[in-house]
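In what follows, a single structure is set out as structure tokens and then discussed.
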Amino acid sequence: MHALQYEITLPADYDMEIIRERVATRGHLLDAFPGLGLKAYLVRERQAGSPVNQYAPFYLWDTPEGMNSFLWGPGFQGVVDDFGRPVVQHWAGLSYEEGPATASAPGAATRRRTPLGEGVAPGEAVAEAVARHAREARRDGVVASALAVDPRHWELLSFTLWAGPEAPADEGERFRVLHLSAPGRAALGAGRQW
């Protein structure tokens with residue numbers, strides 16, 4: 001599993017209806033994309049209390065071929081054409097879990113980043129994070145959750161989809177989910193990814 005996200009931060013007075021329309025008319029194009037586990041079309045809006053207006057899609061790829069096909073093909077080129085080329089963040093997958101609300105359509109998402117200090121043994125820290133992730137994924141309202149790591153910056157990433165329109169306030173950065181494409185969600189597997 002590979003996690004990927006890019007953030008397009010928009011002006012404070014940007015009409016976010018443009019993004020909602022973009023997702024409404026184009027979101028379905030990845031509903032059957034080969035190699036894609038899931039894509040959550042995420043936004044944050046100043047009018048809803050966010051510090052920024054932002055379009056920040058989050059992907060879980062089941063295969064590197066699918067991810068590469070998207071990045072080097074017309075899908076990502078459409079983003080580049082409309083917004084410029086954003087920095088694409090990438091994490092190696094550690095764990096994926098379906099939650100108790102797995103049958104629900106997600107309305108919110110959270111992203112939490114946790115640095116791994118220099119004095120921490122990476123293997124021990126990852127093992128503890130995977131065990132914690134399995135417990136956290138069983139909480140009420142969790143649709144699905146992924147844990148990944150960026151070994152360049154030694155950062156853990158926890159990404160969770162939530163049922164309902166609001167995510168818990170203490171879970172990290174909060175996003176609204178406008179659409180979920182999940183053609184290979186079942187193929188992401190459960191639990192540890194190695």
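Remember, predicted model here, so these are calculated numbers, not experimental data.
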Problem set entry | salt_bridge(E171, R139) N-O dist < 4.0 Å | yes

Exercise. In Å and rounded to the nearest 0.5 Å, what is the CZ to OG1 distance from R174 to T160?
Worked result: 13.5 Å

Problem set entry | Residue pairs fulfilling ring-ring contact (aromatic ring centres under 6.0 Å, His included) with at least one residue in residues 81-112, sequence neighbours excluded | H2-H90

Exercise. Rounded to the nearest 0.5 Å, how far apart are NE2 of H179 and CG of L42?
Worked result: 12.0 Å

Problem set entry | Backbone N/O of P51 and side chain of R46: donor-acceptor pair under 3.5 Å | yes

Exercise. Looking at residues at least two apart in the chain, or sitting in another chain, which of them share a side chain to side chain donor-acceptor pair (under 3.5 Å) with Q77?
Worked result: D81

Exercise. Would you say the side chain of F33 lies within less than 4.5 Å of the side chain of S69, judging by non-hydrogen atoms?
Worked result: yes

Problem set entry | salt bridge (charged side-chain N to carboxylate O under 4.0 Å, His left out) involving R138 - partner list, sequence neighbours excluded | none

Exercise. Which ILVMFWY residues are connected to L147, directly or by a chain of links, through side-chain heavy atoms under 4.5 Å apart?
Worked result: L94, L116, V126, V130, V149, W154, L156, W194

Exercise. Taking only residues two or more places apart in sequence or in another chain, which ones pass ring-ring contact (aromatic ring centres under 6.0 Å, His included) with F76?
Worked result: Y6

Exercise. Aromatic ring centroids of F70 and Y59 under 6.0 Å?
Worked result: yes

Exercise. With E45, which residues qualify under salt bridge (charged side-chain N to carboxylate O under 4.0 Å, His left out), at least two apart?
Worked result: R20, R176

For this session: Using distance alone, with no hydrogens and no angle criterion, decide if R185 and T102 have a side-chain donor and acceptor under 3.5 Å apart.
Result: yes

Exercise. Considering residues at least two apart in sequence or located in another chain, which fulfil the salt bridge (charged side-chain N to carboxylate O under 4.0 Å, His left out) criterion with R132?
Worked result: none

Problem set entry | Close side-chain approach of M16 to L10, heavy-atom, < 4.5 Å | yes

For this session: Please list, chain by chain and in numerical order, all residues satisfying side chain to side chain donor-acceptor pair (under 3.5 Å) with H153, sequence neighbours excluded.
Result: D150

Exercise. Looking only at side chains, do Q89 and R113 share a donor and an acceptor under 3.5 Å apart?
Worked result: yes

Problem set entry | Between S145 and H133, a side-chain donor and acceptor under 3.5 Å | yes

For this session: Provide the closest heavy-atom pair for L161 versus A40 in the form atom of the first, atom of the second, distance.
Result: CD2-CB, 4.0 Å

Exercise. Is there side-chain contact between S104 and W162, with at least one heavy-atom pair below 4.5 Å?
Worked result: no

Problem set entry | Pairing residues for R111 by the salt bridge (charged side-chain N to carboxylate O under 4.0 Å, His left out) criterion, not counting sequence neighbours | E7, E173

For this session: Please name the pair of heavy atoms, one in P165 and one in A108, separated by the smallest distance, quoted to 0.1 Å.
Result: O-CB, 3.8 Å

Exercise. Can you list every salt bridge (charged side-chain N to carboxylate O under 4.0 Å, His left out) pair that touches residues 154-163, not counting sequence neighbours?
Worked result: none

Problem set entry | T9 vs N53 side-chain heavy atoms within contact, under 4.5 Å | no

For this session: Would you list the pairs meeting salt bridge (charged side-chain N to carboxylate O under 4.0 Å, His left out) in which at least one residue belongs to residues 58-73, sequence neighbours left out?
Result: none

Exercise. For T114, what residues pass the side chain to side chain donor-acceptor pair (under 3.5 Å) criterion, not counting sequence neighbours?
Worked result: none

Exercise. CD of E124: more than 12 outside heavy atoms within 6.0 angstrom?
Worked result: no

Problem set entry | Closest approach of D31 to S181 (non-hydrogen atoms, all atoms of both residues) | OD1-OG, 2.6 Å

Exercise. Closest heavy-atom contact between P86 and I8?
Worked result: CB-CG1, 4.4 Å

